[in-house]
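Just so it is clear, the values below take in all heavy atoms, side chains as well, and ignore hydrogens, waters and symmetry mates. The model shown is predicted, which means the values in this text are computed figures rather than measured ones.
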Amino acid sequence: MYVRMSTDHQKYSTENQADAILEYAVRRNIEIIQTYTDSGKSGLSIDGRDALKQLIDDVQSGRAVFNMILVLDVTRWGRFQDADESAYYEYICRRAGIDVQYVAEQFENDGSPVSTIVKGVKRAMAGEYSRELSGKVFAGQCRLIELGYRQGGPAGYGIRRVLIDEHGNQKAELKRGEHKSLQTDRVILIPGPPEEVETVRWMYKAFTREGMQESRIAAILNQRGVLTDLDRQWTRGTVHEVLTNEKYIGNNVFNRTSFKLKKRRVENTPDMWVRKDNVFEAVVEPSDFYTAQGIVRERSRKYSNEEMLDKLRQLHEQHGWLSGFIINESENMPSSSVYTQRFGSLIRAYKLIGFTPDHDYRYIEVNRHLRKMHGDIVEDTIRKIEVLGGKVRQENPSELLIINDELRVSLVICRCHHTQGDDYRWKVRFDTGLMPDITVAVRMAAGNEKPLDYYLLPALDIENPKMRLAENNGLALDSYQFDDLELFFQLTERVTITEAA
């Protein structure tokens, strides 16, 4: 049997589904020999549904020792936005000689024209339900924003999240990672500790009155030993986030980005934002905030092609070579993506100022960035595991992570290579000499500036010390692909024997 529960209805608990399926099996003299369970997983896509991935992989590989799959209904198989995707996974099973039966549906999945038509309608209805629910949830979120309540996301430096009851009385401060437990409770923002508030106000004054750039402000904060809300050192980007976020003047802004139905993430234009002004206690004076915005807008005004090339030429004279990383980390410069959009590519922009990029020079900056990122990811991984109650020690100089004195983990950064065929490839080099149990391969996005996704590769399934990944690698490999490391952190969390049972 396959059972799946998201977080919407108790009637779809995995236990209730299993009971209904077992009753169906008993009536038809069917023996249940294996159960695949996805708990707390959305049915919008197969991503994150490890049990369904494993089921499909078992079917395709021939490891399946069953000849039928029982599912409660079409919606538990999935609420895929493309009905053909749902049909595709069922077809994989049927092609392998394994039937899929929906035990609570009013039709027999026997391949007849009637069942085919009804299944198509049911699949479309399942997807439509998610679209309608998404619209209702979004409307509810917008209403709460306009009432002055916070909708998700960390508070940020100098601010704290506070839980209030239905009467507006403060109950408790929420720490990072904590959420409300009662439907009637709400979350608001309040100023944080006095020392953090003073630091934020100093940042605004340094930027607006003393003319300091974000990188200089970050350097001073790091010299003082001040850490961000994530206990990290300040960077130009983290300072810029503080100087441009309206929550510091008490405004509640929502829908800056959209990721509806687990489709493509979209940066929305300001006219699509949902906002309510002056609902939280301000941390900085509005005059300081709007002065900072004026400085940022003036700095970001649209440059002519010649102005952009002049700035690029000056940057080249300053450093002796150029790279996307150098451009993005420089003050008063358009980003590398702006140069790419304006001139077609960075290489073309380089040629227009008479600079012929040297292959090794560009790799120097990329390697420096990747080395720093590797250290940041390792530190963040250790911190999150320790928060969950685990123990981590790091072997030097190999940097192998030993978790709970049981699990050996190697973390590798995989550079993104752009091929002549306009494809992307990633090389994974396994350090078999360290004998890690799991290799965490971080695939970098195009440009090698930020992670694209993560592969959790167990040693038992790795035979070759080198692996070459494409954009799509088939279910056998992509079943190990994840958008973040949350599942990995869950694997390292310590639980009592009774909880495990």
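- Glu214 contributes no side-chain N or O that, together with a main-chain N or O of Arg236, makes up a donor-acceptor pair within less than 3.5 Å.
- Remark: the backbone N or O of Ala441 is not paired with any side-chain donor or acceptor of Thr439 at under 3.5 angstrom.
- Closest approach of Tyr149 and Arg186 over heavy atoms only: CD2-CB, 3.5 Å.
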Given side-chain contact (heavy atoms from CB on, under 4.5 Å), test Val253 with Val274 step by step and report yes or no.
CA-CA 6 Å; Val253 183; Val274 181; over 6 Å; no
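- Heavy atoms only, all atoms of each residue included: Ala349 and Leu309 are closest at O-CD2, 4.0 Å.
- Across all their heavy atoms, Leu312 and Tyr350 have their closest contact at CD2-CD2, 4.2 Å.
- Screening Arg201, Arg209, Gln293, Lys205 against Asp288 for a side chain to side chain donor-acceptor pair (under 3.5 Å) leaves a single residue, Arg209.
- Inter-residue side-chain proximity for Val226 and Glu196 is flagged as unmet; no heavy-atom pair is nearer than 4.5 Å.
- Judged as a side-chain hydrogen bond (donor to acceptor under 3.5 Å, both in side chains), and not counting sequence neighbours, Arg468 has no contacts.
- The minimum heavy-atom distance between Ala155 and Leu189, with the atom names listed, is CB-CD2, 4.2 Å.
- To the nearest 0.5 Å, atoms NZ (Lys351) and CZ (Phe355) are separated by 12.0 Å.
- The 12-atom threshold is not exceeded at CD of Glu285, counting heavy atoms of other residues, nucleotides or ligands nearer than 6.0 Å.
- Val392 is not listed as a side-chain neighbour of Ile402, based on a closest heavy-atom distance of 4.5 Å or more.
- No side-chain heavy atom of Gln54 sits under 4.5 Å from any side-chain heavy atom of Asp50.
- A donor-acceptor pair under 3.5 Å is formed between the side chain of Asp38 and the backbone N or O of Leu52.
- Remark: Arg232 pairs with Asp380 by the salt bridge (charged side-chain N to carboxylate O under 4.0 Å, His left out) rule, at least two apart or across chains.
- Between Leu174 and Val162 the shortest side-chain heavy-atom distance does not fall below 4.5 Å.
- At distances below 3.5 Å, at least one donor-acceptor pair connects side-chain atoms of Asn473 with backbone N or O atoms of Ala470.
- In this structure, Asn448 and Cys416 have side chains that are in contact, with non-hydrogen atoms separated by less than 4.5 Å.
- Listed for the Gln81 side chain is a donor-acceptor partner under 3.5 Å among the backbone atoms of Arg79.
- For the salt bridge (charged side-chain N to carboxylate O under 4.0 Å, His left out) test, no residue two or more places apart in sequence or in another chain qualifies with Arg143.
- Under the 3.5 Å distance criterion, the side-chain polar atoms of Thr238 are left unmatched by any main-chain donor or acceptor of Trp234.
- Partners of Asp437 under the salt bridge (charged side-chain N to carboxylate O under 4.0 Å, His left out) rule, at least two apart in sequence or in another chain, do not exist in this structure.
- Of the possible polar contacts, none joining the Asp277 side chain to the Asn251 backbone as a donor-acceptor pair under 3.5 Å is found.
- Atom CG of Leu44 sits about 13.0 Å away from atom CD1 of Ile46, to the nearest 0.5 Å.
- In terms of modelled atom types and a separation under 3.5 Å, the side chain of His417 and the main chain of Asp423 share no donor-acceptor contact.
- Atom OG1 in Thr37 sits 12.0 Å away from atom CZ in Arg49 (nearest 0.5 Å).
- Separation of atoms CD (Gln233) and OG1 (Thr235) is listed at 10.0 Å; rounding is to 0.5 Å.
- With respect to Arg443 and Glu471, no salt bridge is recorded, no charged nitrogen being found less than 4.0 Å from a carboxylate O.
- When only modelled atom types and interatomic distance are considered, Tyr455 and Asp478 share a side-chain donor-acceptor pair under 3.5 Å.
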Would you sort out whether Tyr204 and Thr291 count as a side-chain contact (heavy atoms from CB on, under 4.5 Å), showing the intermediate values?
CA-CA 9 Å; Tyr204 273 88; Thr291 300; over 6 Å; no
Passes salt bridge (Lys or Arg N to Asp or Glu O under 4.0 Å), Asp185 versus Lys171? Steps please.
CA-CA 9 Å; Asp185 285 349; Lys171 297 177 64 175; 2.8 Å; yes
Derivation of the side-chain contact (heavy atoms from CB on, under 4.5 Å) call for Met444 and Ile413
CA-CA 7 Å; Met444 299 299 293; Ile413 304 289; 3.8 Å; yes
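- Across every non-hydrogen atom of Val197 and Pro191, the tightest pair is CG2-CB, 4.0 Å.
- Nearest heavy atoms, Val200 versus Tyr157: CG2-CD2, 3.7 Å.
- For the atom pair CZ (Arg150) and CD1 (Ile164), the distance works out to 14.0 Å, reported to the nearest 0.5 Å.
- One N or O on the side chain of Tyr339 and one on the backbone of Met308 form a donor-acceptor pair closer than 3.5 Å.
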In sequence, state the C-alpha distance, the side-chain angles, and the governing distance for Leu400 and Arg408, and then conclude on side-chain contact (heavy atoms from CB on, under 4.5 Å).
CA-CA 7 Å; Leu400 189 74; Arg408 300 167 62 85; 3.1 Å; yes
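- Two residues are said to be in side-chain contact when any heavy atoms from C-beta on lie closer than 4.5 Å; Ile159 and Asp229 fail this criterion.
- With respect to Lys391 and Asp405, a salt bridge is recorded, a charged nitrogen being found less than 4.0 Å from a carboxylate O.
- Remark: Asn169 pairs with Asp165, His167 by the side chain to side chain contact (heavy atoms under 4.5 Å, CB included) rule, at least two apart or across chains.
- Looking at Ile220 and Trp202, their side chains come closer than 4.5 Å, going by heavy atoms from C-beta outward.
- In this structure, Glu198 contributes its side chain and Glu195 its backbone to no donor-acceptor pair below 3.5 Å.
- Note that Lys247 lies outside the cation-pi zone of Phe289, set by a 6.0 Å cut-off to the ring centre and a 45° limit from the axis.
- With values rounded to the nearest 0.5 angstrom, Leu469 atom CG is found 10.5 Å from Leu452 atom CG.
- Atom NZ of Lys311 is surrounded by more than 12 heavy atoms from other residues, nucleotides or ligands within 6.0 Å.
- No hydrogens or angles considered: nothing links the side chains of Arg275 and Asn252 as a donor-acceptor pair under 3.5 Å.
- The side-chain hydrogen bond (donor to acceptor under 3.5 Å, both in side chains) test applied to Arg161 returns no partner, not counting sequence neighbours.
- Side-chain contact between Ile385 and Phe489: present, with at least one pair of heavy atoms (C-beta onward) separated by less than 4.5 Å.
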